[in-house]
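Here, residue 1 is the first one in the sequence, and each next residue gets the next number. The model shown is predicted, which means the values in this text are computed figures rather than measured ones.
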Amino acid sequence: MVAPMPAPPPPASVPPRCVVVVPVKPPAVGKSRLAGLSDPARRDVAEAFALDTAQAAAATPGVEAVLVVTDDFRLASSMRALGCEVMPDGTSEDLNATLVQAVAEVARRWPGAVPVALCADLPGVRPVELATVLREVAWHVAAGRSAFVPDRAGTGTTLYAAPVEHFDPRFGVESAARHRGAGAVEAGTAATSVRTDVDDLADLDAALLAGVGPHTSRACEGRATPLG
């Protein structure tokens, strides 16, 4: 019988050194499942999600840098204005390959930092909750393990972290099961804002009711209630 894994220690007074990688599709083609929004509205909302996610990550204790991976030049400029680093997406058709490429850049520019992949559709993510998750996943990474945060439905993944030399994300259909099957440890189960990604209009209404960042709030002005 395998011994149960010990719970992570209490948060340390000194936060971990993490570099958060946020991959972002060009907003013109992102969030295609937001059916019912006009193309301009969908584009604006997709961009707002990414900006709020990156801004919250940049404000999180323990985050040394936020590295946004995107081929959208206008979005890249907005991200730099938030203090994020930006690199082009050399493998835009394969999210997992994109992340592996970005983590190689993290290792080069921020040696010793914990690489953390964070989905760009978390407009309500709260820095205080993300900081707690980062302490937990950094503890696992320091022990040589990979870790992931399941989405609210429990089938997808919103965050993945691993040692650089073992960074092997499995984003895609049923990614939570795929990460778990590859030996990654589940983390952040109580961090609601880190788990609440937005894929469709029902998700968007739920996020708006729970609270979102300023960019999404402006982009969704007038849509403050479910089915509104």
Side-chain angles (χ1 to χ4, degrees), residues 5 8 18-27 29-35 46 49-50 52-54 56-57 60 66-70 89-106 114-126 129-130 132-134 136-141 143-204 206-207 210:
M5 185 172 297
C18 296
V19 173
V20 174
V21 178
V22 182
V24 188
K25 287 183 180 179
V29 298
K31 290 293 138 189
S32 59
R33 289 172 58 188
L34 289 175
F49 289 174
D52 281 330
T53 301
T60 298
V66 175
L67 178 62
V68 176
V69 187
T70 185
D89 187 348
T91 57
S92 57
E93 298 303 313
D94 186 334
L95 173 59
N96 293 312
T98 290
L99 292 170
V100 170
Q101 181 185 64
V103 166
E105 182 68 6
V106 170
V114 176
V116 179
L118 184 68
C119 289
D121 56 356
L122 298 165
V125 62
R126 296 181 175 90
E129 282 195 337
L130 181 57
T132 299
V133 171
L134 292 182
E136 185 178 353
V137 300
W139 181 75
H140 286 300
V141 170
R145 295 184 289 266
S146 57
F148 74 100
V149 175
D151 65 8
R152 186 177 53 179
T155 58
T157 301
T158 62
L159 181 151
Y160 172 82
V164 170
E165 61 274 18
H166 301 303
F167 199 89
D168 185 22
R170 306 291 178 93
F171 287 95
V173 178
E174 299 293 332
S175 61
R178 294 171 67 195
H179 282 129
R180 195 177 293 112
V185 179
E186 191 169 325
T189 54
T192 303
S193 73
V194 184
R195 298 182 61 189
T196 305
D197 55 348
V198 177
D199 287 324
D200 55 29
L201 291 182
D203 291 341
L204 176 56

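The distance from the CZ atom of F171 to the CG atom of D94 is 12.0 Å, given to the nearest 0.5 Å. Distance check, rounded to the nearest 0.5 Å: CG of L130 to SG of C18 gives 8.5 Å.
The salt bridge (Lys or Arg N to Asp or Glu O under 4.0 Å) test applied to E174 returns no partner, not counting sequence neighbours. Every side chain to side chain donor-acceptor pair (under 3.5 Å) that S175 has, sequence neighbours left out, goes to T157. Judged as a side chain to side chain contact (heavy atoms under 4.5 Å, CB included), and not counting sequence neighbours, the contacts of A143 are R145. Qualifying side chain to side chain donor-acceptor pair (under 3.5 Å) partners for E129, counting only residues two or more places apart in sequence or in other chains: S193. Under the rule for a side chain to side chain contact (heavy atoms under 4.5 Å, CB included), the partners of V137 that lie at least two apart in sequence or sit in another chain are V133, L134, A147, L159, A161, A187. Every residue two or more places apart in sequence or in another chain that forms a salt bridge (Lys or Arg N to Asp or Glu O under 4.0 Å) with R180 is listed here: E186. Considering only residues two or more places apart in sequence or on other chains, A102 meets the side chain to side chain contact (heavy atoms under 4.5 Å, CB included) condition with V21, L67, V69, M87. With sequence neighbours excluded, the residues forming a salt bridge (Lys or Arg N to Asp or Glu O under 4.0 Å) with D199 are K31, R33, listed by chain and number. With sequence neighbours excluded, the residues forming a salt bridge (Lys or Arg N to Asp or Glu O under 4.0 Å) with D203 are R152, listed by chain and number. Looking at residues two or more places apart in sequence or on another chain, you find a side chain to side chain contact (heavy atoms under 4.5 Å, CB included) between A54 and V66, V68, M79, C84. The ring pair (Phe, Tyr, Trp, His ring centres under 6.0 Å) check on F148 picks up H179, with sequence neighbours excluded.
Using a 4.5 Å heavy-atom cutoff, the side chains of V185 and W139 are not in contact. In this structure, the side chains of S146 and H140 stay at 4.5 Å or more apart for every pair of heavy atoms.
Of the N and O atoms on the side chains of D89 and T98, at least one donor lies less than 3.5 Å from an acceptor on the other residue.
Annotation: salt bridge (charged side-chain N to carboxylate O under 4.0 Å, His left out) contacts involving residues 157-172, sequence neighbours excluded, comprise D168-R170.
T158 places a side-chain N or O within 3.5 Å of a backbone atom of V194 that can act as its donor or acceptor partner.
In plain terms, the two heavy atoms of A120 and T53 that are nearest each other are O-OG1, 3.3 Å.
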